[in-house]
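If you read the sequence from its start, that first residue is 1, and numbering goes on from there. Quick note: numbers below take in every heavy atom, side chains included, and nothing from hydrogens, waters or symmetry partners.
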Amino acid sequence: MSIGSAAAPLRIAIVGSGPSGFYAAEALLDSTLAVEVDMLERLPVPYGLVRHGVAPDHAKLKSVTGLFDGIARRDGFRFFGHVAMGRDVTAAQLQSMYHAVIVATGADGDRALGIPGEQLDGVHAAADFVGWYNGRPECAGLRFDLDQDVAAVIGQGNVAIDVCRLLATPVAALRSTDIASHALDALAASRVREIHLVGRRGPAQAKFTPKELRELGTLPGWQVIVDPADLELNEASRAEAADPASTFVAKNLQVLRGFAAQPRSAARAIHLRFQQAPVAVHGEGRVRALTLQRQWLEGPAGSQRAVPTRQEDRLEAGLVFRSVGYRGTGLPGLPFDAVRGVIPNAGGRVTDDGGTLLPGWYATGWIKRGPTGIIGTNRQDSVETVQRLVEDLPLLEAPRVGRAALQAALAGRGHRVISFDDWLLIEKAERSNGQRAGKVAEKFVDVACMLDAAQAARVEAAPC
Ligand code: NAP
């Protein structure tokens with residue numbers, strides 16, 4: 001009996017319910033094979049970074065969950081919420097239950113700067129701030145001292161822009177979103193007046209995109225300040241700006257020139273600082289200032305590096321966010337490339353540290369390629385992984401029991417599993433709690449509350 005026939009469906013577990021997990025499920029369900037796809041998610045709620053990463057004022061980006069819901073309703077798909085590999089089921093168990101396992105756990109850690117003073121209070125990972133305002137359970141209890149006048153954000157990607165925009169957006173514009181209430185209350189009392197967005201390379205190398213950059217210039221009461229001297233590009237940067245393959249660079253420069261041309265008029269400012277890298281954080285107990293070292297650019301167009309000069313400036317700032325990239329974390333029982341923060345793989349086929357394939361194991365999304373690209377980038381990435389998996393069908397071990405074996409193992413431990421219908425009940429409760437406060441939704445920020453909400457709604461929905 002060949003795997004993938006109606007009599008012997010291909011049984012796949014996907015670990016993680018963010019975009020790459022859902023796109024992998026879609027690619028499997030779109031194949032000509034008979035497939036059973038079981039998606040495991042450690043939280044009771046799905047969507048990964050779409051729920052806990054996308055900024056609350058970017059509702060349009062979140063609408064991709066409609067597509068994911070459609071995938072979840074397809075025949076052959078099953079959601080196992082509140083089930084974590086390594087906590088509730090081991091890698092070895094999954095391997096014995098399924099023909100293949102696709103790891104789609106994303107990158108929920110962050111990169112450190114590796115400079116003295118970084119551990120001081122008031123220095124935060126941008127990822128924690130993002131998780132905090134988005135109601136991620138692990139971050140809900142964090143505190144950010146928004147009594148400070150000056151904040152610095154290190155890094156010039158779209159996450160840095162998100163952090164900056166959330167600090168500067170009038171709360172009236174956030175009140176109706178699904179921002180966590182604890183964040184809304186704290187931001188309403190914020191005294192932050194100056195934000196410095198610090199990049200080690202130049203404006204032609206910044207990773208943010210024009211739409212996000214332009215949005216910074218629309219925040220009422222705030223002005224984006226750019227030093228015109230920073231826009232004088234070296235030859236390699238001019239070549240980068242003229243490269244038709246990266247049109248966003250020219251567009252970014254155009255937006256930056258617009259900012260640089262405006263005389264200062266607003267009381268509050270976002271300063272875009274280029275070719276400066278933090279080398280030390282100062283303060284006693286908590287951060288008071290940063291030393292920024294001037295950088296010059298070296299190397300050919302497309303791969304210019306920031307090289308330190310001897311020139312240093314002091315930036316007084318009572319709040320610092322490092323936004324220098326997310327980082328994947330390893331999973332018990334699987335190899336992990338600690339330098340790159342990814343599971344080693346060849347086109348999605350998981351390998352050991354030496355490059356030898358681990359049959360039946362696949363990776364997709366940020367845990368496969370690192371934290372790059374937009375939500376849609378994960379679609380192509382997951383299609384590639386699923387293509388490799390389908391090519392490997394003759395090599396996959398059979399038979400496998402799949403879903404029934406997982407259900408039995410979890411039931412044997414009395415583990416509470418959240419189905420997709422349960423999640424829809426949780427979501428309904430979040431929307432109705434939000435409505436009372438004039439918001440799109442009030443997310444539960446506590447796992448126990450999520451489980452209770454599903455339970456309560458189940459009881460309510462049960463026929464008498
Ligand atoms: P990113 O785009 O990779 O940007 C990281 C930034 O950190 C870069 O400016 C990088 O500079 C800088 N950096 C790295 N190491 C540094 C160091 N040691 N010292 C100083 N600066 C350092 O990462 P991200 O902002 O976390 O975003 C991750 C992905 O999510 C991106 O693909 C992003 O586009 C996406 N995203 C999209 C949206 C949206 O579409 N609205 C929103 C948020 C995130 P170098 O270039 O010099 O390395």
Within the structure provided, determine whether Y326 and V159 are in side-chain contact (heavy-atom separation under 4.5 Å).
yes
query = If we only count heavy atoms from C-beta on, is the Y362 to I14 side-chain gap below 4.5 Å?
reply = no
Name every donor-acceptor pair, under 3.5 Å, that has one atom in a side chain of residues 411-419 and the other anywhere in the protein, sequence neighbours excluded.
| residue | atom | partner | partner atom | Å |
| --- | --- | --- | --- | --- |
| R413 | NH1 | D88 | O | 3.0 |
| H415 | NE2 | H82 | O | 2.5 |
| S419 | OG | D421 | N | 3.4 |
| S419 | OG | D422 | N | 3.0 |
| S419 | OG | D422 | OD2 | 3.3 |

Could you please spell out the steps behind the side-chain contact (heavy atoms from CB on, under 4.5 Å) verdict for R74 and E26? CA-CA 9 Å; R74 289 177 65 172; E26 180 186 47; 4.3 Å; yes
For this session: Check whether the ring centres of W423 and F79 lie less than 6.0 Å apart, and answer yes or no.
Result: no
| Between T177 (side chain) and I179 (backbone), is there a donor-acceptor pair under 3.5 Å? | yes
- Query: Do T329 and D108 have side-chain atoms, one donor and one acceptor, less than 3.5 Å apart?
  - Reply: yes
Residue pair Q276 / H196, side-chain donor-acceptor N/O under 3.5 Å: no
K251 and P210 have their tightest heavy-atom pair at CB-CG, 3.5 Å
Partner of D178 under salt bridge (Lys or Arg N to Asp or Glu O under 4.0 Å), picked from R431, K439, K62, is K62
Assess the residue pair W132 and F144 against the criterion (ring-ring contact (aromatic ring centres under 6.0 Å, His included)); give the C-alpha distance rounded to whole Å, side-chain angles, the decisive distance to 0.1 Å, and a yes or no. CA-CA 9 Å; W132 173 75; F144 299 89; 4.9 Å; yes
The side chain to side chain contact (heavy atoms under 4.5 Å, CB included) partner of T356 among L358, D353, D352 is D352
Backbone N/O of I102 and side chain of W361: donor-acceptor pair under 3.5 Å: no
- Query: Does the side chain of P137 reach to within under 4.5 Å of the side chain of M450, using non-hydrogen atoms?
  - Reply: yes
- Evaluate the criterion side chain to side chain donor-acceptor pair (under 3.5 Å) for residue pair T364 and S382; output intermediate values, then yes/no. CA-CA 6 Å; T364 186; S382 291; 2.8 Å; yes
To the nearest 0.5 Å, atom CG of L167 lies from atom CG of L146 at 6.5 Å
So CG of L94 and CD1 of I12: to nearest 0.5 Å the spacing works out to 11.5 Å
Q: Check whether any side-chain heavy atom of V224 sits under 4.5 Å from a side-chain heavy atom of L213, and report yes or no.
A: no
Nearest heavy-atom approach of L29 to V37 is CD2-CG2, 4.1 Å
Under 3.5 Å, side chain of E41 to main-chain N/O of L43, donor-acceptor pair present?
yes
Check whether any side-chain heavy atom of L166 lies under 4.5 Å from a side-chain heavy atom of P56, and answer yes or no.
-> yes
Apply salt bridge (Lys or Arg N to Asp or Glu O under 4.0 Å) to residues E430 and K443 and explain how you reach the verdict. CA-CA 5 Å; E430 289 184 337; K443 290 182 207 162; over 6 Å; no
| query | When you measure from the side chain of R87 to the backbone N and O of R42, does any donor-acceptor pair fall under 3.5 Å? | reply | yes
Does CD in E391 sit with more than 12 non-hydrogen atoms of other residues, nucleotides or ligands closer than 6.0 Å?
-> yes
Rounded to the nearest 0.5 Å, the CZ atom of F80 sits from the CG atom of D38 at a distance of 4.5 Å
| said: Looking at G347, is its backbone amide N or carbonyl O close enough to the side chain of R349 to form a donor-acceptor pair, meaning the two atoms are under 3.5 Å apart? | reply: no
Of D381, T105, N345, the one forming a side chain to side chain donor-acceptor pair (under 3.5 Å) with K368 is D381
Minimal heavy-atom distance between E442 and S181, with the atoms involved, is OE1-OG, 2.6 Å
Side chains of R165 and N158: is there a donor and an acceptor less than 3.5 Å apart?
no
Item to check | side-chain contact (heavy atoms from CB on, under 4.5 Å) evaluation trace for R286 with D145 | outcome: CA-CA 10 Å; R286 61 165 299 115; D145 181 5; 3.6 Å; yes
CH2 of W222 to CD of E194, rounded to nearest 0.5 Å, is 7.5 Å
- request: Examine distances only and state if a side-chain atom of E118 and a backbone atom of L113 form a donor-acceptor pair shorter than 3.5 Å.
  value: yes
- Query: Quick check: does any side chain N or O of T385 sit under 3.5 Å from a backbone N or O of A363, one acting as donor and the other as acceptor?
  - Reply: yes
**Asked** Judged by atom type as modelled, is there a donor-acceptor pair below 3.5 Å linking the side chain of Q455 to the main-chain atoms of L451?
**Response** no
For E384 and R369: C-alpha separation, side-chain torsions, deciding distance, then whether salt bridge (Lys or Arg N to Asp or Glu O under 4.0 Å) applies.
CA-CA 12 Å; E384 180 195 49; R369 68 175 194 279; over 6 Å; no
The reported gap from NE2 in H99 to CD1 in I3 (rounded to nearest 0.5 angstrom) is 4.0 Å
- Can you find a pair of side-chain heavy atoms, one from R11 and one from E36, that are under 4.5 Å apart? yes
One should read off an interatomic distance between F208 CZ and D162 CG, to the nearest 0.5 angstrom, of 13.0 Å
Tightest non-hydrogen contact, residues Q156 and L197, listed as NE2-O, 3.2 Å
Item to complete: Show your reasoning for whether side-chain contact (heavy atoms from CB on, under 4.5 Å) applies to M39 and F420.
Response: CA-CA 10 Å; M39 177 179 278; F420 206 77; over 6 Å; no
Open item on the list: Are more than 12 heavy atoms, taken from residues, nucleotides or ligands other than D75, located less than 6.0 Å from that residue's CG atom?
Closed with: no
Quiz prompt | P335 side chain reached by V350 side chain, heavy atoms, under 4.5 Å | solution = yes
Check: Tell me, do P9 and V35 make a side-chain contact under 4.5 Å, heavy atoms counted?
Finding: no
Looking only at heavy atoms, the pair that brings R400 and S96 closest together is CD-O, 3.1 Å
Going through the checks in order, is the side-chain contact (heavy atoms from CB on, under 4.5 Å) test met by L331 and V103? CA-CA 9 Å; L331 288 154; V103 182; 3.3 Å; yes
Tightest non-hydrogen contact, residues G117 and V123, listed as O-CG2, 4.2 Å
Donor-acceptor contact below 3.5 Å, side chain S17 vs main chain Y47: yes
